[in-house]
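Below is one structure; the comments refer to it alone.
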2 protein chains.
Amino acid sequence: MNLEAVAKRARVSTATVSRVLNNLDVVKPATRARVMKAVADLNYYPNLNARSLAGGKNRTLGMIASNLENPFFFDVFRTLEADAHARGYELVAANTGYNPEQLLNSVRLMIGRRVGGLAVIVSEMEPDLILELERSNIPVVFYDVGIVKPKISNIRVNYRRGIEEVVKYLHGLGHRKLAFIGHHSTLGPTSEREKTFTDTAPSYEGTEYRTVVNQDGPDGGREAARELLDSGYRPTAIICVNDFMALGVLRELRERGMRVPEDVSVTGFDDITLAEYCYPALTTVHIPRDRIGHLVFEALTADSDRASATGHEVVVEPELVVRQSTAPAGVPQ
Amino acid sequence: MNLEAVAKRARVSTATVSRVLNNLDVVKPATRARVMKAVADLNYYPNLNARSLAGGKNRTLGMIASNLENPFFFDVFRTLEADAHARGYELVAANTGYNPEQLLNSVRLMIGRRVGGLAVIVSEMEPDLILELERSNIPVVFYDVGIVKPKISNIRVNYRRGIEEVVKYLHGLGHRKLAFIGHHSTLGPTSEREKTFTDTAPSYEGTEYRTVVNQDGPDGGREAARELLDSGYRPTAIICVNDFMALGVLRELRERGMRVPEDVSVTGFDDITLAEYCYPALTTVHIPRDRIGHLVFEALTADSDRASATGHEVVVEPELVVRQSTAPAGVPQ
DNA sequence: TTGAAAGCGGTACCAG
DNA sequence: CTGGTACCGCTTTCAA
């Protein structure tokens with residue numbers, strides 16, 4: 001089923017069918033109607049591969065995420081997709097599972113597809129990546145990779161401030177024995193959070209801390225908490241790199257009979273919906289994922305002449321959200 | 001950057017470059033090496049659109065899901081993707097948000113892309129869908145749509161048995177006032193669960209029940225629980241259509257000061273990872289999502305001559321998993 | 001307003 | 001083992 005079949009049935013040329021299908025309003029209404037009918041009769045749908053090959057354009061955007069299972073990434077995906085659909089774009093997503101090799105793979109695939117724009121929302125990184133992306137000449141937006149080059153935009157979240165607020169808040173509650181639970185990632189948001197933590201914690205006198213990492217997700221969080229507690233260290237507050245991992249921490253604590261927040265306070269990061277649904281509801285730092293999604297879409301579809309030509313950077317400010325998983329530190333043991 | 005550029009640089013024809021890129025081992029090692037070098041030098045990546053246009057083949061599979069945010073769908077996606085990658089396929093996903101219109105859209109898009117196979121894992125349905133899919137001549141696998149046609153496979157879960165076991169189990173615990181919380185969907189798995197419930201419940205003497213539906217997800221679950229309880233009805237056990245919604249039910253109960261499972265028992269369905277992480281851990285029905293993912297992949301890539309040519313059906317058996325959210329019914333109020 | 005035809009970047013068949 | 005070349009299905013001048 002192709003253009004020619006439709007053309008034949010409508011007694012016009014393929015060029016005209018193409019015009020109708022692309023809404024080039026130069027076609028005589030009568031002709032247009034005839035074509036439309038043929039299209040409907042034949043149940044015809046254009047071959048998108050041929051279309052983007054011939055047109056050199058592509059109304060398909062790509063998004064590569066580290067872990068779509070983590071609601072943080074998914075929420076960005078969701079709003080990006082909504083924006084895309086609203087403006088007649090399509091979005092294809094790829095998951096790297098924090099695997100740098102897979103990241104490179106996905107990027108090449110997206111380039112191979114000649115997507116109209118590519119959002120790289122990942123925590124891991126690959127050296128060759130930036131270079132290849134630059135050469136590809138595709139509009140790209142990174143999330144939290146500190147590189148701004150022509151055609152490459154950047155959206156960052158002020159993690160530093162987020163973590164600082166958490167530490168300050170906990171310190172204000174009297175917590176002096178802290179722990180940080182993070183996840184593996186070569187570079188990017190995560191390590192920035194961790195680094196900020198190890199930078200900040202010591203600035204408060206008399207504060208002890210320890211750090212442990214594991215994979216992203218409830219399982220990883222639980223495992224990390226287990227390792228932390230098995231070491232004998234007894235923090236009064238545990239700061240998690242994100243809410244998704246905090247879920248696992250809460251569980252481990254619960255199973256050990258440690259009460260939250262009476263015995264130990266726990267904080268997350270991101271403010272995913274689940275943060276409100278777990279028990280106890282999680283004190284966390286809100287990151288406006290919908291705003292990020294919108295920004296990504298804009299950056300990807302901006303006129304290549306202006307902003308994107310230079311590559312711009314936007315910083316998003318996070319905000320502390322206090323719920324039930326934190327409380328004043330108890331009497332030191 | 002195209003084949004010709006590479007060919008020129010390697011001093012061979014485009015045909016040879018193509019052979020090298022496709023591992024047709026008829027190329028002399030020396031030549032192959034030269035081509036490889038040119039490819040590397042030029043940082044060349046084949047245009048996938050052109051490739052599938054010319055080749056008529058497509059190593060890209062598609063998966064359409066109702067709600068990728070629901071871990072059930074995501075888990076299927078994950079294993080399908082893993083299988084695909086392992087065998088050199090790619091997977092593009094689309095989300096319908098339970099919207100039939102969006103479903104049709106996505107299907108057309110996938111057909112437009114001429115994907116090599118399409119998995120339709122959704123709860124909603126569109127009349128035109130089956131027809132269009134059939135004409136497309138693309139291998140298709142449905143999840144729980146009771147239609148088997150040539151080239152269309154079907155994977156079903158024996159929901160009926162799952163629900164029956166839940167009801168029987170709860171009845172054994174003495175529960176006589178039940179409630180079912182489901183989500184909207186025109187047809188498919190969900191309504192089958194609900195139907196099974198309304199079929200089964202009355203078969204136990206003295207059993208009362210009520211049903212309420214809302215959107216999928218914790219928010220919807222919470223809202224449904226709210227509506228249920230606001231009506232004045234006081235079930236001793238609430239059966240949720242899936243774990244994702246049960247999360248919200250647990251929260252609403254908690255906020256109303258109703259203890260689970262002392263005051264009311266709650267069950268989920270699917271056995272997502274989160275079911276173990278919520279509080280209390282959820283009694284649910286396990287569905288082997290990895291197995292489903294594998295089955296989907298197989299069905300999509302099976303030799304079109306055999307099985308898929310006829311279209312086959314596989315039934316997966318679920319299994320009750322008892323955790324902490326259920327207990328014997330207390331004294332009637 | 002419409003048609004003819006030249007690509008877009010590959011693949012695959014046919015020679016050599 | 002390698003090159004020439006006819007498409008794949010659609011977009012886009014260029015003419016008419």
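Since this is a predicted model, take the numbers as computed values, not measurements.
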State whether [X] places a side-chain N or O below 4.0 Å from either non-bridging phosphate oxygen (OP1 or OP2) of [N].
X	N	value
Thr16(B)	dT2(D)	no
Tyr45(B)	dG10(C)	no
Lys57(A)	dT12(D)	yes
Ser13(A)	dT2(C)	no
Asn2(A)	dG9(D)	yes

Lys28(B), nearest nucleotide to its side chain (from dT11(D), dT2(D), dG9(D)): dT2(D)

Nearest-nucleotide comparison on DNA chain C, the residue closer to the 5′ end among Thr31(A) and Thr14(A): Thr31(A)

Rounding to a whole Å, what distance do you find between [X]:[atom1] and [N]:[atom2]?
X	N	atom1	atom2	result
Arg114(B)	dG10(C)	CZ	P	20 Å
Asn49(A)	dT11(C)	CG	P	13 Å
Leu48(A)	dC8(C)	CG	C1'	15 Å
Arg113(B)	dG9(D)	CZ	C1'	16 Å
Asn58(A)	dG9(C)	CG	P	13 Å

Mind checking [X] for me? I need base, sugar-phosphate or nothing, with any heavy atom below 4.0 Å counting as a touch.
X	value
Gly56(B)	nothing
Asn22(B)	sugar-phosphate
Val12(A)	sugar-phosphate

Pair Tyr98(A)-Val122(A), side-chain contact (heavy atoms from CB on, under 4.5 Å): steps then yes or no: CA-CA 7 Å; Tyr98(A) 292 103; Val122(A) 300; over 6 Å; no

Flag for His184(A)-Glu124(A): side-chain donor and acceptor within less than 3.5 Å: no

Given Val92(A), Ile121(A), Leu118(A), the one that forms side chain to side chain contact (heavy atoms under 4.5 Å, CB included) with Ile64(A): Leu118(A)

Minimum-distance pair of heavy atoms, taken over all atoms of Leu61(B) and Leu300(B): CG-CD2, 4.2 Å

Note: Glu69(B)-Arg78(A) ion pair, threshold 4.0 Å (strictly below): yes

Ala15(B) or Leu53(B), whichever maps to the more 5' nucleotide of DNA chain D: Ala15(B)

Under 3.5 Å donor-acceptor pair, Arg19(B) side-chain atoms to dG3(D) base atoms: yes

